[in-house]
Amino acid sequence: MNTDSEGFTDLLQQAEQLTADMDSGTDLPHVERNLQQILEAGQRLLSRTTPASQDSTDVQASILLGSKGFVLPKISERLEGLRAATTFEPLEPVRETDIEGFLRNERENALLAVIEQTRKNTFEEVDKRHWECMENEWEREKQKILNSLLGSSQEPFELQQDPEMLISTTQLSQGRSSLDHMEMAYARQVLVYNESVIENEIRPSLVDMFVEVANHFGDQNVIDLWQLVQCMTEIPPGQIFGSQPSAIRSNLQIQSHFVAKALQYLQQNYIRYLETTVSSNLRQAQLGGIPGTFSLVLSYLKVKPPITTRSSEDGELEQQPVWTLLFYCLRCGDLKAAMHVIERAGNQLGEFPTFFKEYVNSPDHKLGPGNDSKIKLHYRRVVKNCSDPYKRAVFCVVGRCDWTEDHAEILDKIDDYLWMKLSHVQDQVSGDSSQDHLTLTRLQRILYEEYGEAHFNGYQQPFLYFQVLFLTCQFEAAIEFLSRIERLRYHAVHIALVLYEMRLLVTPSSCQAQLLSQDSSDSSGLRKLNIARLIMMYTRKFEATDAREALQYFYFLRNLKTPNGEDLFMSCVSELVLETKEFDMLLGRLEKDGSRKPGAIDRFNQDTQKIIEMVAKDTESKGLFEDAVRLYDLAKNHEKALCLINKLLSQVVATAPSPQSTRNRLSTLAVNMAERYTTLGHEATQMTTKTFFLLLDLITFFDYCHAGEVAKALEVMQGIKILPFATEEVDHRVTNFKHYSDEIRRCLPDILLATMNILLSQYNSIRNTSSQSPLRRRGAENGGKDTHLNYLRSQARALIMFAGMLPYRLPGDTNARLVQIDVLMS
């Protein structure tokens, strides 16, 4: 007993513990039920889930389907006979030795296999086309994004740049997209240049035209910029005729010419600097009345004395060191003045006069092999260790000795540094990789790759860094750098146009390349500038407001091709039209007499019809079908225009008309086209034209239907003879229906329902009319009324027969509604 009581005590404690656990953490009230109450609740739940009897279900289904004209037993039998199969599976081979059955089975298996393979191929083709479309769309969007970027992809774009640049960028983001006064002046010159090329086939000097713009606005930095470009591009036309830009730029003779022009520019600038300094200090300079570089140098040295040395080697002249005078005469580029100094110095210069005479008389200022070795040897043994920096500099210029020496004592400006390095540049000897020679390629690599923008403080002194690159024939890198600065980008674009028109700009083979690129496989090492991307990046800011000006810039791209082989000018025009929607202004418009009023593209003497067709194709590919219809019509591609508008009309032909709706716009466009084609003729096929005019008749039919004019609507439908209104016409109409296009077939359900509703409305109107005639005539009138009702019923019956005999699957609800209307007319 003690054991049992202990067991019950434990059980009681466990139950109380369980109750306590249930009470904790819940706010729900307790529900206390005994066993009887739980049993009753379970019975009630069971009764709710008990399925309804089959008889009651059948009765309810019969009532529901019977109201729609369906018989439930027949439907059940047909459903039981259907085989549910989600895929096409081959039939099982027959077991009997029946040849006819075996062949029939094999034939069915072959048909199912073909259907399955076709379905598989269709899905694969759709998936492939889908991804191709997605890739093409993304490629176009990617090009837009890349064209809008300010920097090249070689270096990350830094935001700690010129404050003015950041201000300009902010203004642009706020919506400034029209041309300012400087950009408009450039654009006018571009227009004049293009008109001269188009009308007269004469290429005026584009650089001179842009120099005129720079001089007009009076910004000295811009003037200097264009004077530099003008100086560097002064090349005799015969030297660049018939060659590719890369071949021209790699030509040693052309490179030597560029170096000579760069030296000439630096020397002329230095003369102007000396003249400015002297004229600002006339009392101290004591210029006197003797003209010439020698007098100018003497006066300058009185204002700014040369660097003092412990002793003036080889004597003095006019109280100035001889080597100092020689250096400044060479720096000014006046060899006659330098020779004058040598002649007056006499024999105190040793063998140098012999070297210098050969240097002056040589067309390319090169010493012969004998004197070249002598001067270099003399420099290494004697001159390099002398205390006179001017003497070392003169020997380095004349003998091209020790190009690694910077001469920092006397060359404290970048112009002087460039002049010294360019004076050392000489052609690369084939097979010679010696570091003793400074080639143009090596100098370019030092300035662009080793020093770069940071060394020259490019963003704070953009004109200076541009000058460094441009003077060393790095035209593409100079333009790309300038284009990254918003306030200077338009200068970069127009400099690029000058070089491109002179065929001095090296461009990549693909218009999708980076703005600045370099082909590692190219032995010349030339960088390439994507002129197409640069122009599109520039025009994007104003093409929405100044589309005509954008066209002028796109005209420079007429000789380039897209990756698909299309004309890049046409492609840009197409994109411009789609962006601005200025169809009439850019492409022209059709007048009432069928003639086309010229648009902006007609000024370029291009294949206008081809351009319009290209724009139309791009418009169609983007889903702008209404615009595509107008463009195909404008391009006189009547077949394509009618095919597109047929598809559009078939989608809205049955909808109710309303102001500014798609249906009203399309119907107005279609009517205008129909009037013009009827009067002036067209080139569309007979099938497409027949469909077009039939759709116009259907629009008229539905207009009458929506307006409640059922008699006129029925008259139109009977006139187009697409539906039978007598049983003897059914077979003929069914046969003719096979020849209609898909656009007409798509409208058939709406046509049938609208016509049946017209017949029903007439039927109800006649049946509900009450005669007001005397009784003696009522019998005759009732007979006429019944005849008319029977006539309407026969027309409805003919339509039902026509719908049933068509080899065309109508929507299920269409058949049901037709039968229901027929029942209502019974």
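Just so it is clear, the model here is predicted, and its values are computed rather than measured. Computed over heavy atoms, backbone and side chain alike; hydrogens, waters and symmetry mates excluded.
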Over 60° means perpendicular and under 30° means parallel, so classify the ring planes of Phe463 and His491, tilted if in between.
tilted
Check the orientation of His682 and His638. Use parallel for under 30°, tilted for 30 to 60°, and perpendicular for over 60°.
perpendicular
Quick one, [X] and [Y] - any side-chain contact, counting heavy atoms below 4.5 Å?
X: Met673; Y: Asp633; result: yes
X: Arg489; Y: Met537; result: yes
X: Ile699; Y: Arg663; result: yes
X: Met570; Y: Glu566; result: no
X: Tyr632; Y: Glu639; result: no
X: Asn646; Y: Thr688; result: yes
X: Asn664; Y: Ser658; result: no
X: Lys561; Y: Cys511; result: no

The criterion is side-chain contact (heavy atoms from CB on, under 4.5 Å); which residues satisfy it with [X], sequence neighbours excluded?
X: Arg596; result: Leu590, Asp602, Thr608, Ile612, Leu634
X: Pro204; result: Tyr193, Ser196, Met209
X: Ala670; result: Ile645, Leu649, Phe692, Leu696

Out of Leu505, Thr507, Val506, which residue meets the side-chain contact (heavy atoms from CB on, under 4.5 Å) rule with Leu529?
Leu505
If I compare all heavy atoms of Val653 with all of Leu695, which pair ends up nearest, and what's the gap?
CG2-O, 4.1 Å
Shortest non-hydrogen contact from Ala477 to Tyr448?
CB-CE1, 3.6 Å
side-chain contact (heavy atoms from CB on, under 4.5 Å) evaluation trace for Arg603 with Ile198
CA-CA 8 Å; Arg603 304 179 64 175; Ile198 294 170; 5.7 Å; no
Under the side-chain contact (heavy atoms from CB on, under 4.5 Å) criterion, do Glu183 and His181 qualify, and how do the steps go?
CA-CA 6 Å; Glu183 293 167 337; His181 64 287; over 6 Å; no
Verdict with supporting geometry, Gln474 and Leu447, side-chain contact (heavy atoms from CB on, under 4.5 Å)
CA-CA 10 Å; Gln474 302 185 78; Leu447 295 175; 4.3 Å; yes
Pick from Phe210, Tyr500, Phe556: which one makes a ring-ring contact (aromatic ring centres under 6.0 Å, His included) with His494?
Phe210
Just checking, is any N or O donor in the side chain of [X] or [Y] under 3.5 Å from an acceptor N or O on the other one?
X: Gln609; Y: Asn637; answer: no
X: Gln512; Y: Ser510; answer: no
X: His455; Y: Tyr465; answer: no

Could you go step by step and tell me if Gln255 and Asn251 meet the side-chain hydrogen bond (donor to acceptor under 3.5 Å, both in side chains) rule?
CA-CA 6 Å; Gln255 288 185 355; Asn251 185 278; over 6 Å; no
Only counting residues at least two apart or in another chain, list the ones meeting ring-ring contact (aromatic ring centres under 6.0 Å, His included) with Phe466.
Phe470
Just wondering, more than 12 heavy atoms not from [X] lying within 6.0 Å of its [atom1]?
X: His216; atom1: NE2; answer: no
X: Lys261; atom1: NZ; answer: yes
X: Lys581; atom1: NZ; answer: yes

Say whether, by atom type as modelled, one donor and one acceptor occur between the side chain of Ser661 and the main chain of Pro657 under 3.5 angstrom.
no
State whether the side chain of Ser517 and the backbone N or O of Ala513 hold a donor-acceptor pair below 3.5 Å, judged by distance alone.
no
Please evaluate residues Lys528 and Gln514 with respect to the criterion side-chain contact (heavy atoms from CB on, under 4.5 Å), reporting the C-alpha separation (whole Å), side-chain torsions for both, the decisive distance (0.1 Å), and the verdict.
CA-CA 9 Å; Lys528 301 177 181 180; Gln514 301 172 2; over 6 Å; no
Mind running salt bridge (Lys or Arg N to Asp or Glu O under 4.0 Å) on Arg249 and Glu476 for me, showing each step along the way?
CA-CA 12 Å; Arg249 293 279 299 281; Glu476 294 76 18; 2.6 Å; yes
Pair listing, ring pair (Phe, Tyr, Trp, His ring centres under 6.0 Å) test, anchored in residues 576-623, at least two apart:
Tyr555-Phe604, Phe569-Phe604
Extract all donor-acceptor atom pairs below 3.5 Å that involve side chains of residues 225-232 and protein atoms in other chains or at least two apart in sequence.
from, atom 1, to, atom 2, distance (Å)
Trp226, NE1, Tyr186, OH, 2.7
Gln230, NE2, Asp208, OD1, 2.7

